[in-house]
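What you see below is based on every heavy atom in this structure, not just the backbone, and it leaves out hydrogens, waters and symmetry mates. Chain identifiers are assigned alphabetically (A, B, ...) following the order of the sequence lines, protein sequences preceding nucleic acid strands; residue numbering begins at 1 within each chain.
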2 protein chains.
Amino acid sequence: MKTLTTGQLAREAGVNIETIRYYERYGLIPEPPRRASGYREFPPEYIERIHFIKRAQALGFTLKEISELLAVADGNPACKDIRKFAEEKVKDIETRIHYLQKMKAVLKDLIKKCLGKRKISECPIIESLSQKRNRHKE
Amino acid sequence: MKTLTTGQLAREAGVNIETIRYYERYGLIPEPPRRASGYREFPPEYIERIHFIKRAQALGFTLKEISELLAVADGNPACKDIRKFAEEKVKDIETRIHYLQKMKAVLKDLIKKCLGKRKISECPIIESLSQKRNRHKE
DNA sequence: GATAACCCCGTATCTCAGTACAGAGTCAAG
DNA sequence: CTTGACTCTGTACTGAGATACGGGGTTATC
């Protein structure tokens with residue numbers, strides 16, 4: 001397998017080249033080996049890692065949370081901590097899925113209503129999504 | 001039903017008072033009636049609306065997207081547009097759910113592995129989440 | 001009717017997640 | 001062996017989403 005320069009990795013992963021360097025500084029991607037000249041040589045797996053970061057971001061995770069997820073995936077922290085953190089994240093994810101499903105149901109309902117009538121009078125989306133069971137500002 | 005001042009609404013909804021004013025400027029919440037003094041008088045439903053905004057944000061929606069969702073919910077745009085937008089959003093949500101479920105499966109797997117061994121050697125999280133079927137930079 | 005605790009508006013500042021840029025070095029194609 | 005496209009580092013700037021602040025008016029309580 002060939003290695004990639006920073007620019008090649010950026011192109012492959014569909015991000016700006018500066019983003020790569022930013023993620024490295026941030027600690028989201030491990031520092032890759034360098035040539036004598038200082039040029040980085042990224043193994044191609046880094047492409048996947050960038051994709052993962054971007055995906056997780058779109059799901060509402062912050063870079064800080066993502067770095068924790070990646071630390072778990074990389075097997076860095078002690079096993080006990082991994083477990084605890086992973087269990088928390090599973091719950092968090094379940095909550096997210098739950099609300100996304102609600103949102104989806106409401107939208108589908110709106111679509112159905114829209115099929116016949118020409119005006120949606122009362123809005124069900126907010127009520128159905130706003131009961132507060134879980135505080136998000138933990 | 002009593003109305004709420006800006007500060008009361010902020011407390012009830014669990015956000016900073018400035019956030020309320022910001023959301024109003026942004027157009028996420030309709031301008032409420034005012035007293036002669038200029039004080040805003042929010043109907044209590046605004047609490048739900050703020051909750052909804054915060055929840056949607058945690059799910060990875062931007063304020064712009066949220067304002068569109070709310071416009072749909074409020075029944076503002078023409079019915080055709082509502083339908084189209086709602087259908088797009090349903091797809092978007094399905095994609096999100098899909099990836100969250102993958103993430104969850106991987107974490108659960110890690111937890112299980114963690115139960116016996118004391119070191120996770122190889123990381124499955126990235127591979128399982130990074131295949132690219134959908135571009136996120138539409 | 002004073003005083004603390006609120007609200008108003010406008011503007012400035014902050015954090016997060018990048019992006020851009022300048023000045024210098026490196027690589028590879030002709 | 002030069003030229004153009006790349007890379008490096010460090011620092012500055014940007015945009016989204018808030019938060020803070022200053023100077024002033026309002027309201028409830030004592």
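- Of the options A/Arg40, A/Glu24, A/Glu18, A/Arg11, a side chain to side chain contact (heavy atoms under 4.5 Å, CB included) to A/Thr6 is made by A/Arg40 and by none of the others.
- Looking only at distances, a side-chain donor or acceptor of B/Gln8 sits under 3.5 Å from a matching main-chain atom of B/Thr5.
- For the pair A/Asn16 CG and C/dC16 P, the computed distance is 21 Å after rounding to whole Å.
- Looking at A/Tyr39, its side chain comes within 3.5 Å of the base of D/dC6 through a donor and an acceptor atom.
- In this structure, the side chain of A/Tyr26 engages the main chain of A/Lys64 through a donor-acceptor pair within 3.5 Å.
- For A/Ile17 and C/dA22, the CD1 to P distance is 16 Å, given to the nearest whole Å.
- With rounding to whole Å, B/Arg35 atom CZ is found 11 Å from D/dA28 atom C1'.
- Among the protein residues, B/Arg40 comes within range of the sugar-phosphate backbone only, with heavy atoms under 4.0 Å from sugar or phosphate atoms but none that close to a base.
- In terms of modelled atom types and a separation under 3.5 Å, the side chain of B/Tyr23 and the main chain of B/Pro30 share no donor-acceptor contact.
- Contact annotation: B/Lys54 reaches the phosphate of D/dA18 (side-chain N/O to OP1 or OP2, under 4.0 Å).
- Across C/dT11, C/dC6, C/dC27, the shortest atom-to-atom separation from the side chain of B/Thr5 is found for C/dC6.
- In this structure, B/Glu24 and A/Tyr26 both approach DNA chain C, and ranking their closest nucleotides by distance from the 5' end singles out B/Glu24.
- An OP1 or OP2 oxygen of D/dA16 is reached within less than 4.0 angstrom by no side-chain nitrogen or oxygen of B/Thr62.
- Side-chain atoms of B/Tyr23 stay outside donor-acceptor range of the base of D/dG17, with no qualifying N/O pair under 3.5 Å.
- At whole-Å resolution of the value, CD1 in A/Ile50 and C1' in C/dA17 are 14 Å apart.
- Here C/dC6 presents its P atom at 15 Å from CG of B/Leu9, a figure rounded to the nearest Å.
- For D/dT9, the OP1/OP2 oxygens have a side-chain nitrogen or oxygen of A/Arg34 closer than 4.0 Å.
- Contact annotation: side chain of B/Glu18 to base of D/dC21, donor-acceptor pair present below 3.5 Å.
- Residue A/Tyr22 places no side-chain N or O under 4.0 Å from the OP1 or OP2 atom of C/dT19.
- Looking only at atom types and distance, the side chain of A/Lys54 has a donor-acceptor partner in the side chain of A/Gln57 under 3.5 Å away.
- Residue B/Lys64 contributes atom NZ, which lies 16 Å from atom P of D/dA18 at whole-angstrom precision.
- The distance from atom CD of B/Gln57 to atom C1' of C/dA17 is 15 Å, rounded to the nearest whole Å.
- Residue A/Arg21 has no polar side-chain atom (N or O) positioned under 4.0 Å from OP1 or OP2 of D/dC8.
- Dashed line: the shortest gap from a side-chain N or O of B/Ser37 to OP1 or OP2 of C/dC7 is not under 4.0 Å.
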